[in-house]
Amino acid sequence: PGWFSEISPMWPGEAHSLKVEKILFQGKSDYQNVMVFQSSTYGKVLVLDGVIQLTERDECAYQEMITHLPLCSIPSPKKVLVIGGGDGGVLREVARHSSVEQIDICEIDKMVVDVSKQFFPDVAMGYEDPRVVLHIGDGVAFLKAVPEGTYDAIIVDSSDPIGPAQELFEKPFFELVGKALRPGGVVCTQAESIWLHMHIIEDIVANCRQIFKGSVNYAWTTVPTYPSGVIGFMLCSTEGPPVDFKHPINPIDVDDSHSETRKPLKFYNSEIHTAAFCLPSFAKKVIDSK
Ligand SMILES: NCCCN[C@H]1CC[C@H](NCCCN)CC1
């Protein structure tokens, strides 16, 4: 009873608050503080080091967009790697693609996996897919061990640059991602907010344009419980068969993406895929000029 406020130096002077019904879990892993609470109006909420990672009510927007923007942009994704994403939501979305044969996930914090399985079964259901192989460890070390050109798609579902995910926003990591992708392979990363982090986005875009010689595009969507209510994604492809991120050639239709066990898509569709790449002028100026 009371309120949780998401106060962070990453978004100074503002805080999003959610009414708390009950705290369900509090723990400290080797990497971060982990908390789960029942909110009054957004379902259960997962919080890492005081930052909201997902809520049951709006997680669909983030998990569906970060997954289907890349996977619907290439003809037939077979091998997919998820860096981060320990809650399992991205796995649930990748599993909707019948062409996919192998889903590797590398999550540094096992407590996030265990807590998600215990409190967020509809999110962690992604782990039940037989194509999923879970690696607990650091994404940089994992990528260093991956043979060149292994993956069709890599999804970097990270937290923010303060904390264990910091290295996932730096150039050496993007270089390793580029090497692990096949020619014409795609990467999609969590790329912060155009309202809060244009400077971080500017650096990410500059690094990506140096490393990825295919397409480099920024997309964004609405997630009410993330600061400023929006979150962005960096979509890049390696040199090779051209990728046009703005026009999904491998559409995942709302009706054929679910089954008796799987719930239908709540957020993603082909129109919102294309619309996600339309940017306000203040962001276009920075992103398109890099
Ligand atoms: N699978 C869900 C993981 C959530 N990823 C991130 C969690 C932290 C969040 N902060 C938003 C900071 C303002 N851009 C971004 C998404």
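Order of appearance sets the numbers: ligands from 1, and atoms from 1 within every ligand. These numbers come from a predicted model, not from an experiment. Residue numbers start at 1 and run along the sequence shown.
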Contact partition for [X] relative to ligand 1, non-hydrogen atoms under 4.0 Å:
X	result
Q53	both
M10	neither
I52	backbone
S228	neither

Is it true that the side chains of Y226 and D58 contain a donor and an acceptor less than 3.5 Å apart?
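No, because no side-chain N or O of Y226 sits under 3.5 Å from a partner of the opposite role on D58.
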State whether a side-chain donor-acceptor pair under 3.5 Å links D87 with Q53.
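Q53 and D87 do not have a side-chain donor-acceptor pair below 3.5 Å.
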Please list all pairs meeting side-chain hydrogen bond (donor to acceptor under 3.5 Å, both in side chains) that have one or both residues in residues 178-189, counting only residues at least two apart or in different chains.
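Residue pairs with at least one partner in residues 178-189: D152-R182.
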Which residue supplies the protein heavy atom nearest to atom 8 (C) of ligand 1, what is that atom called, and how far is it?
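Protein heavy atom at minimum distance: D160 OD2, 3.3 Å.
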I'd like to know if the side chain of Q190 reaches the main chain of E192, judged simply by a donor and an acceptor atom lying under 3.5 Å from each other, with no hydrogens or angles considered.
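Confirmed, Q190 side chain pairs with E192 backbone.
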Going by distance only, is there an N or O of [X] that falls short of 3.5 Å from an N or O of ligand 1?
X	answer
Q63	yes
D157	yes
Q190	no

